[in-house]
Amino acid sequence: MNEKNPSQKNDFIREIIRDDISENIHEKIVTRFPPEPNGYLHIGHAKSICLNFGVAEEFKGLCNLRFDDTNPTKEDQRYIDAIKFDVDWLGFNTENNIRYTSDYFGQLYDWAIELVNKGLAYVDDLSPEEMRAYRGTLTEPGVDSPTRNRSIAENLDLLERMKNGEYEEGEKSLRAKIDMQSGNLNLRDPVIYRIIRANHPRTKNDWCIYPMYDFGHGQSDAIEHVTHSLCTLEFEDHRPLYEWFLENLPIPSKPKQYEFSRLNLSHTILSKRRLFKLIEDGYVSGWNDPRMPTLAGLRRRGVPPTAIRDFVGRLGITKSDGIVEMSYFENTIREHLNLTAQRRMAVLNPIKIVIENYPEDPDFKDELEAINNPNNENDGIRKLLFSREIYIEHDDFMENPTKKFFRLIPGGEVRLRYAYLITCKELIKDKEGNIIELRCHYDPESRGGNAPDGRKVKGTLHWVSANYSKKATINLYNELFTEAIPGSNGNWIEDINNNSVESLSNCFVEPSILDSKPNTTIQFERLGYFCADIDSTKDNPIFNRTVPLRDTWGKKN
RNA sequence: UGGGGCGUAGCCAAGUGGUAAGGCAUCGGGUUUUGAUCCCGUGUACCGCAGGUUCGAAUCCUGCCGCCCCAGCCA
């Protein structure tokens with residue numbers, strides 16, 4: 001709904017932007033989405049992407065996708081490529097607006113020199129351990145470093161040598177000279193350049209010193225004429241530092257930082273560190289495991305990008321942090337898929353039915369018509385072949401039914417969707433007493449699903465022809481964690497759901513299902529939404545359950 | 001005992017001094033060849049608590065409580 005009318009979206013950030021526009025403060029609204037290429041994007045990032053790109057769209061501005069690549073020990077081209085792909089997949093155009101903080105390494109270095117010249121930065125000899133000790137604590141002020149008051153000339157010389165690779169990692173650093181007594185730890189002479197001897201994905205070995213986030217971010221925003229630099233709450237107390245650099249440097253524009261709360265989703269984790277751990281320790285198969293909250297995982301799971309955009313749009317932008325229920329996300333996915341997904345039939349746990357009074361002639365072709373999507377006439381109809389032997393869902397039969405069970409029972413009549421009414425005549429069991437087959441009779445007059453005499457049949461079952469269906473593997477995915485907040489009772493690893501995936505290999509699907517593509521999610525009637533896995537082939541078809549249909553019956557029983 | 005934020009129903013969230021929107025969930029009911037969808041109905045929110053200002057406060061003031069973030073040469 002918000003999606004349909006973006007101009008109606010209202011939150012404190014858009015309010016600020018509208019005010020700025022009405023006061024003619026900016027020529028054009030510019031935002032940026034600044035991921036560090038050290039992992040894959042997840043749904044939390046989608047919130048930021050939709051905000052930044054969404055705002056740019058709504059106010060006819062621009063949004064840059066800027067890779068914040070200031071730490072070559074963690075970053076990789078692989079992630080740059082994956083992030084571009086994901087942003088694109090979400091539906092935002094990045095063709096001409098990709099930037100890298102590393103584009104500005106030269107300018108940033110010049111500005112570091114400028115800060116030294118102004119007496120606002122110095123080269124420090126403290127080791128990381130010593131620096132920590134000098135920094136003080138949350139309640140105790142820090143102490144000035146012994147090398148804090150070197151001459152400008154000496155600092156200039158030392159900085160130059162740092163850049164030229166004359167020192168080892170950790171031996172020296174460049175620090176902003178602000179205030180070691182500040183209550184805000186970010187202002188206690190933060191390091192702005194450190195020595196890192198690593199190959200950078202873009203600048204290779206051009207540099208051995210790299211700017212810290214705080215020194216790179218605001219200035220990059222300024223260079224790009226970003227007007228509204230939107231980030232998450234944990235950067236709130238970096239804002240004074242962000243502004244300090246902008247005030248003390250001859251920057252080409254004056255961006256402003258605003259913070260909003262990041263997305264938390266129940267029953268999953270949205271921390272890159274933890275997602276890495278799941279992969280490294282083999283709890284999932286990779287960044288694109290369908291159980292992962294990554295965009296790559298959601299894509300493989302069959303979640304349409306429009307559903308993700310709509311979902312984060314419904315959440316709103318505020319400064320209060322909370323946990324959004326996973327079921328809310330699933331509901332949004334269903335809402336989208338209900339309108340767009342074509343319907344097909346598949347049987348997950350088959351039980352065979354033989355229709356005793358049905359023609360035995362193998363050349364007899366009984367072609368039925370089925371509607372592809374009741375919500376979209378343009379999707380048309382398809383033909384289904386019926387046969388004497390079919391499969392229905394094991395759960396759709398009960399030998400000793402409970403009172404409200406209105407599916408197939410001994411002696412009972414039920415409708416096979418788009419086909420016939422059948423009545424159960426006999427159960428065939430194996431030696432252990434398990435039902436292995438049902439013998440039924442059909443009413444030839446009920447072709448299509450209704451009897452001419454108008455008798456009411458409450459239950460309608462999905463089915464698949466034993467002769468014409470195809471065998472497939474179907475993965476049923478459930479929540480990755482058993483706890484709404486993993487780790488809330490101790491170790492988050494212990495809250496991993498051991499039943500997060502159930503792989504069924506004896507499933508039967510309509511033949512047409514084998515033609516579906518991984519990016520086209522379809523509904524298996526009465527079961528849920530599914531899509532072909534990226535590893536699915538004609539010979540070994542594999543489908544992933546995106547999300548089940550709502551099941552008020554199953555919930556009660 | 002430091003600094004920065006946040007607190008409106010189970011969840012998200014409007015509200016910006018005039019007497020508490022909406023969505024999701026829940027629980028009923030109707031339609032239905034998906035027990036889905038769709039439609040209708042359904043909530044005593046002590047607006048974190050306590051005072052104060054005011055004819056009137058979720059909105060202003062004071063005090064308190066709770067929760068989140070910050071002590072990387074990570075972002």
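Throughout, a chain's letter reflects where its sequence line sits, starting with A, and its residues are numbered from 1.
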Between A:Asp69 and A:Ser102, which heavy-atom pair has the shortest distance, and what is it? OD2-OG, 2.6 Å
Record whether the side chain of A:Arg343 comes under 3.5 Å of the base of B:U34 through a donor-acceptor pair of N or O atoms. yes
Compute the centroid of each ring, for A:Tyr213 and then for A:Phe235, and state whether the two points are separated by less than 6.0 Å. yes
State which residues pass side chain to side chain contact (heavy atoms under 4.5 Å, CB included) with A:Asp103; sequence neighbours excluded, sorted by chain then number. A:Arg99, A:Tyr100, A:Arg202
Mind checking the C1' distance from B:C60 to B:U1? Whole angstroms is fine. 30 Å
Select base, sugar-phosphate, or nothing to describe what A:Glu335 touches, counting heavy atoms under 4.0 Å on all strands. nothing
Dot-bracket summary - RNA chain B, pairs being Watson-Crick or G-U whose distances fall under 3.5 Å, with | when paired to another strand: .(((((((.[[[..)..(...]]]..((((.......))))......[[[[[..)....]]]]])))))).....
Within less than 4.0 Å of OP1 or OP2 of B:G4, is there a side-chain N or O belonging to A:Arg239? no
Rounding to 0.5 Å, atoms CG (A:Asn184) and CG (A:Leu187) come to a distance of 5.0 Å
Whether A:Tyr40 and A:Trp287 hold their rings parallel, tilted or perpendicular, with breakpoints at 30° and 60°: parallel
Under the salt bridge (charged side-chain N to carboxylate O under 4.0 Å, His left out) criterion, do A:Asp189 and A:Arg148 qualify, and how do the steps go? CA-CA 9 Å; A:Asp189 289 11; A:Arg148 192 175 199 259; 2.7 Å; yes
Considering every strand and a 4.0 Å limit on heavy-atom distances, what is the contact class for A:Arg415: base, sugar-phosphate, or nothing? base
For A:Phe524 and A:Ile474: C-alpha separation, side-chain torsions, deciding distance, then whether side chain to side chain contact (heavy atoms under 4.5 Å, CB included) applies. CA-CA 11 Å; A:Phe524 289 177; A:Ile474 296 179; 3.7 Å; yes
Short side-chain N/O contact from A:Thr552 to OP1 or OP2 of B:A36, under 4.0 Å: yes
NA contact type, A:Arg334, heavy-atom cut-off 4.0 Å: base, sugar-phosphate, or nothing? nothing
Candidates B:G23, B:G2, B:G15 - which lies nearest the side chain of A:Glu15: B:G15
With the criterion being N/O to N/O and under 3.5 Å, what pairs connect the protein with nucleotides 7-9 of chain B, and how long is each?
none

When rounded to the nearest Å, what value does the distance between P atoms of B:C70 and B:G56 take? 44 Å
Under 4.0 Å, counting only non-hydrogen atoms across every strand here, what does A:Tyr418 touch: a base, just sugar-phosphate, or nothing? base
Given B:A25, B:U34, B:C12, the nucleotide with the shortest approach to the side chain of A:Arg550: B:A25
Among A:Tyr210, A:Tyr193, A:Tyr242, ring pair (Phe, Tyr, Trp, His ring centres under 6.0 Å) partner for A:Phe215: A:Tyr193
Heavy-atom closest pair, residues A:Cys50 and A:Arg309: SG-CG, 3.9 Å
Consider side chain to side chain contact (heavy atoms under 4.5 Å, CB included). Of A:Asp68, A:Val87, A:Leu65, which one does A:Pro35 pass it with? A:Leu65
Please give the distance between the C1' atoms of B:G23 and B:A13 as a whole number of Å. 8 Å
List in chain and number order the residues that pass side chain to side chain contact (heavy atoms under 4.5 Å, CB included) with A:Ser488, two or more places apart in sequence or in another chain; answer none if no residue qualifies. A:Glu483, A:Ile485
Expected string for nucleotides 68-75 of chain B under the B/S/- scheme (protein heavy atoms, under 4.0 Å, primed atoms plus P, OP1, OP2 as sugar-phosphate) is SBBBSBSB
With sugar-phosphate meaning primed atoms plus P, OP1 and OP2, does A:Phe405 contact a base, only sugar-phosphate, or nothing at under 4.0 Å between heavy atoms? base
Using the P atom in both, what is the distance from B:A71 to B:G63, to the nearest Å? 29 Å
Determine whether the side chains of A:Ser127 and A:Glu130 contain a donor N or O and an acceptor N or O closer than 3.5 Å. yes
Pick base, sugar-phosphate or nothing for A:Glu325, based on heavy-atom distances below 4.0 Å to the nucleic acid. base
Which parts of residues 458-465 of chain A get close to RNA chain B, meaning a heavy atom less than 4.0 angstrom away? A:Thr460
Worked check of side chain to side chain contact (heavy atoms under 4.5 Å, CB included) between A:Asp221 and A:Arg32: CA-CA 8 Å; A:Asp221 285 342; A:Arg32 100 273 87 112; 3.1 Å; yes
Just to be sure I understand the rule, does A:Gln523 reach a base, reach only the sugar-phosphate, or reach nothing, if contact means heavy atoms closer than 4.0 Å? base
Could you give the distance separating B:C74 and B:U37 at their C1' atoms, to the nearest angstrom? 48 Å
Do side-chain atoms of A:Asn164 reach the backbone of A:Glu166 as a donor and acceptor pair under 3.5 angstrom? no
5'-most contact on RNA chain B: A:Asn375 or A:Thr139, nearest heavy atom basis? A:Thr139
Establish, with yes or no, whether the OP1 or OP2 oxygen of B:A14 is under 4.0 angstrom from a side-chain nitrogen or oxygen of A:Asn10. no
Side chain of A:Trp553, heavy atoms from C-beta onward: which of B:G35, B:A36, B:G23 has the nearest atom to it? B:G35
Of B:G35, B:U37, B:U34, the nucleotide closest to the side chain of A:Glu525 is B:U34
Would you classify B:G18 as syn or anti? Syn applies when the glycosidic angle is within 90° of 0. anti
Do side-chain atoms of A:His45 reach the backbone of A:His42 as a donor and acceptor pair under 3.5 angstrom? yes
